[in-house]
Amino acid sequence: MMARGPKIQIQRVAKSFGAPGRAMPALEEIDLDVAEREFVCLLGPSGCGKSTLLNIVAGFLVPTTGTVLVDGRPVSGPAPERGVVFQEYALFPWLTVTGNVEFGPLLQSRPAADRRRTVDRYLDLVGLSAHADKFPVQLSGGMKQRVAIARALANNPAVILMDEPFGALDAQTREVLQDELSRIQRVEHKTILFVTHSIREAVYLADRVVVMTSVPGRIKQVFPIKLPEVRDRFAHEFTRYESDITRVLREEVAKVRA
Amino acid sequence: MAQFLSSVPELMDAGLRGSRLPRGRALALRLAAIVAFLVLWSLLSGAVVVLKLFNPIFLPGPWLVLGSVLDMAVRGPLWIHLAATLERVAMGFGAGAALGVALGLAAGHLTPVRNVVEPLVEVLRPIPPLALLPMFIVWVGIGEASKIGFITYATFFPIFLTTVTGVRQIDPLLVRAAQSLGARGVALFTRVILPAALPDILTGLRLGVALAFFVIVISEFIGAEHGLGYLINDGRNFFLVPQMLGAAVVLGLLGYAGNGLVRLLERRLTRWQHPA
Amino acid sequence: MNAAATRAAALLGALALWAAVAHGNAWLGVVNPVLLPTPGEVGRVGLELAWSGELTRHFLTSLGRVAQGFGLASLAALGLGLLVAMCVPLRLMAEPVIEFVRPIPPLAFLPMFLVWFGLGEASKIAFIGYTTFFPMFVAIAASVLRVDVVLLRAAASLGASRADLVRRVVLPAALPGIVVALRVGVGLALFVIVGAEFMGADAGLGHLIMEGRTFFNPAQIVMGALTLGLLGSLINTLLLTVERRLLRWRAAA
Ligand SMILES: Nc1ncnc2c1ncn2[C@@H]1O[C@H](COP(=O)(O)OP(=O)(O)OP(=O)(O)O)[C@@H](O)[C@H]1O
Ligand SMILES: [Mg+2]
C-alpha cells in the first residue's frame, strides 16, 4: 500500500472580497494540512476569515489565489465527500426529520430499504428516533443541530466541515452536544474541520487547535492537544491548554479593538 | 441554453440573486433591454407593413404612438382628457382615503364600531368592485358623480382594511406605556396610535392609488366625453390604435407618478423605520 | 368555532340591515323602489335565472374564461419566473421592460385586445392572461430570489446537481410565495373578467350585470354581483385549504 498524504491540503490560499481595485483581503497565505481522521479546530477573533476558509474548503467560495486539495484532488465546488454542518442549521423546513436525514441518500438514488436503515441508524446515533416525523419548526435548537449532524453523517462523507455548529445553543445543550460529537467521532472516524469561538470547546474536541490572526487572517500558532480521547474538562492538563491558547488569542483580539 | 443559467458554483457564492455586476455593465444591460424592446416592436410593426401580414393599423410602431401623443399634446386635447381623469382620480381617491382612514382608525380602536362595520365590509369585499359599477350608473346616472363615487367605493376597501390592521397590530405595551406616561383621549390617538399605524395606512394608500387608476379607465369607457379612458375607447371605435396605445402609456406614467408621490410621503413620514 | 359563529351572525346582520333599508324605502318611498331592490326581489331574480338555466350558463362561461386565462398565465409566470431567477443577465434585461409596462392599468389595454383578438372568447382569455401574468410573474420571481443561499449550499454539499437544486430546494422553498402569487392572480382574474364581459360579450356574469343595467333591472345587477362575490369566496377558500395542506411544515402544531 502507498503511504497516503494528508486528507486535506490547504495550499497558499488567499481570498479578498469586493471589486478589483477596492478589494479587501480577508485571508492571506493560509497553508494547512489535515490528516485523515484528524479533528482540527479553527480559533480566531471575529471577522478574521474562519468562515471564509471553511467555505472555500466546502467549495462554496473560490479562493482568490491558492488551491485546496482533498485526497490530492483540487476542490472545484461542493461535493458529497465533504459534509457541512452550518451554525444556522440549514434544515429544509418542508421536510420532516426523516426527510432531511434522507436527503443525501435520496440524491444518490439509494433503494428505499437501504435509506430507511441509514436514517434509523443515524437518528439513533444522535438520539432523535422518537422525533422522526416532526418538522424542523417543531424542534428546539439543540434538536435541530442534531438533525443537521445526522444529515451530514448519513451521506457518509469522509470530511465534515462545521462552522460554529453549537454557537447558537445555550451552555448546557452545548456541552451535551460536544459529548455526543466526541462519542460519534470515536465511532465514525471522520476528518473534521471545526470553527468555534470557544477555547474550551476546541480543547475538548480537537487533536490540533489552529489559532488565526485578526483580519486579514493568517495562521498564528498551532497547538497539538495531547490529551486522552475521552477528556475531562476539569483536569489540570486541560486547563493548561486553555490558558495557553487564551493568552495567544487575547493578543489578536486586542488588535481588533485597537 | 444550459450555459446561460447560473451554474452550481455560481449559485453557491451568492445564491440566486447572483453576485453584483459592476455598475456600468448592469446599466448597459438595462439600457440594452429598453432599446431591444423598442427595436423589436419597430421591427414587428415594420414586418407587418412589408410582408402584408395584416392591416398595419393594428400594430403601429412606437414612433407612431409617440407621434400621436405629441400631436394630441400640441393640439391640446391631451391636456383636457388628462385633467378630466386626474380630477376624477384625485376627488374619488381623496374621498375614499379620508373615509377609509377615518373609519379604519375608529374600527381598529373601538370594538363596537368594528363589530358594526366589519361584517358589512366582509360581505362586500369579495365582490369585484367593477360588478357594482352599473349600480352606480343606475343610481346616480352617467355623469361625474357616478365616476367619482365609484372610485371612492373601490379605493375605500384596501385603505380601510390596512388601517384596521395597522391599528390592531400596535403593541399593547406601547399603548400602556403611553398611558402610564399620562397620554389619554385625543393625545393618545394623535401621538401614539396614528404614528404607529402610519406605515400600514400608507401601504393602503399606495394600493388605493393603483386601484383608482385601475378602475377609472373602465368607468370612462362607459359613457364619458372626456378622460384618458374615453380616449382609448374612442380610438377603438375609429381604429385609431396609436391613440389607444398612447393614452395607455400616459395612464401608466400617471400611475407611476402617483405611486412615486405616495412613496415620497412614505419616506418623509416614516423615516424612523429606516434611519439614515 | 366562535369565529365562524361571529361571521355567520355578521352575515345575517348585514342581510337584515339590507332588508330593513330596502323595505323601509319601499314603504316610505324615499327613492324609486326599483333602485333599491329587497333581498326577496334579488332572490326571485336569482331563482328565475337558475330555473331557466341562464345562471348556470353565465356562471360556467365566466368560470371557463377565468380558468383558461389564469391557467395559461400561471404556467407562463411559473416557468419564466424560474428562468429569470436562474439567469442573472436575463433578469437585468427583463426588469426595466416590466417596470415600463406594469404601471399601465391593464384595463387600459382591454380595447386593444378587442381590436386584436376580436369580440370572441380569444380576446377575453388573452386579456385575463395578460392581466394576471405580470403580478404573478413578479411575485414568483421575487419569492424564488428570496430562497436562502444556505439551503442551496446545504443541498449541494449533500450532492445535489443543478436540477436537484431547482426541484428539491428552490421550488419547495419558494412554494409559499408561489401560492400567494396564484391567489392574487385568481382575485385579479375575477376582478377584470367583469370588465371584459361588459365590453361586447353575449354571456358571462359581467354580461348578465350589464344586461341588468341596459334593461334597468337593479335586482339583476345585485344578483350578478353577489354570484361573483360567492364565486370569489369559494375559490379563495379552496386555495386556502390547498395552501394549508401543502404548507403544513410552516406552522406544524
Ligand atoms: N461576501 C462578502 N463580501 C465582502 N466581505 C466579506 C464577505 N464575507 C466575508 N467578508 C469579510 O471577510 C472577513 C472574514 O469574514 P468571515 O465571515 O470569514 O469571518 P469569521 O472569522 O467567520 O467571523 P465570525 O467569527 O464573526 O464568524 C470579514 O472582515 C468580513 O467582513
Ligand atoms: Mg464565521
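Just so we're on the same page: letters track the sequence lines, and every chain starts at 1.
- Put simply, of C/A85, C/G232, C/G13, C/S233, the one with the most heavy-atom pairs under 4.5 Å next to chain B is C/A85.
- Note on C/I221, C/V34, C/V31: by heavy-atom pairs under 4.5 Å with chain B, the leading option is C/I221.
- Residue contact with chain C, scored on non-hydrogen atoms closer than 4.5 Å, involves the side chain of B/I137 exclusively.
- Interface remark: C/R91 contributes side-chain atoms only to the contact with chain B (heavy atom separation under 4.5 Å).
- At distances below 3.5 Å, not a single donor-acceptor pair connects side-chain atoms of C/T132 with backbone N or O atoms of C/F70.
- Among C/L35, C/L92, C/V170, C/L228, the residue with the largest count of heavy-atom pairs under 4.5 Å with chain B is C/L35.
- Listed for the B/T155 side chain is no donor-acceptor partner under 3.5 Å among the backbone atoms of B/A212.
- Looking at C/S161, the atoms closer than 4.5 Å to chain B (heavy atoms on both sides) all sit in the backbone: N, CA, C or O.
- Using the six-membered ring where Trp is involved, C/Y130 and C/F109 have ring planes that are perpendicular, over 60° apart on the 30 and 60° scheme.
- For chain C, no part of B/L31 is nearby; none of its heavy atoms comes within less than 4.5 Å.
- If you measure heavy-atom distances from B/F37 to chain C, the contacts under 4.5 Å come from the side chain alone.
- Interface remark: of the candidates C/P111, C/P89, C/C87, C/P111 forms the most heavy-atom pairs closer than 4.5 Å to chain B.
- Side chain of B/R168 to main chain of B/G108: no donor-acceptor pair is present (N/O by atom type, distance under 3.5 Å, no hydrogens or angles).
- Of the possible polar contacts, none joining the B/R263 side chain to the B/G258 backbone as a donor-acceptor pair under 3.5 Å is found.
- Contacts of C/I235 with chain B are absent, with no heavy-atom separation under 4.5 Å from either backbone or side chain.
- Ranking C/G212, C/P96, C/G195, C/A14 against chain B, the residue ahead of the rest is C/P96, based on heavy-atom pairs under 4.5 Å.
- The candidate from B/F213, B/F239, B/F58, B/Y256 with the greatest count of non-hydrogen atom pairs under 4.5 Å with chain C is B/F58.
- Interface remark: B/V138 contributes backbone and side-chain atoms alike to the contact with chain C (heavy atom separation under 4.5 Å).
- Residues C/P103 and B/N259 are not in side-chain contact: their nearest non-hydrogen atoms beyond the backbone lie 4.5 Å or more apart.
- Judged purely by atom type and a 3.5 angstrom limit, C/H58 has no side-chain atom pairing as donor or acceptor with the backbone of C/A203.
- Using a 4.5 Å cut-off between heavy atoms, C/L17 contacts chain B through its side chain alone, with no backbone atom that close.
- Annotation: maximal heavy-atom pairing with chain C below 4.5 Å, among B/A36, B/A210, B/G235, B/A33, occurs at B/A33.
- If you measure heavy-atom distances from C/L231 to chain B, you find no contacts under 4.5 Å at all.
- With hydrogens and angles disregarded, no donor-acceptor distance shorter than 3.5 Å links the side chain of C/K124 to the backbone of C/G69.
- Both the backbone and the side chain of C/F191 come within contact range of chain B, each with at least one heavy atom under 4.5 Å from a heavy atom of that chain.
- Only the side chain of B/I222 comes within contact range of chain C, with heavy atoms under 4.5 Å apart.
- Here C/I104 is the residue among C/L226, C/L114, C/I104 with the most heavy-atom pairs under 4.5 Å with chain B.
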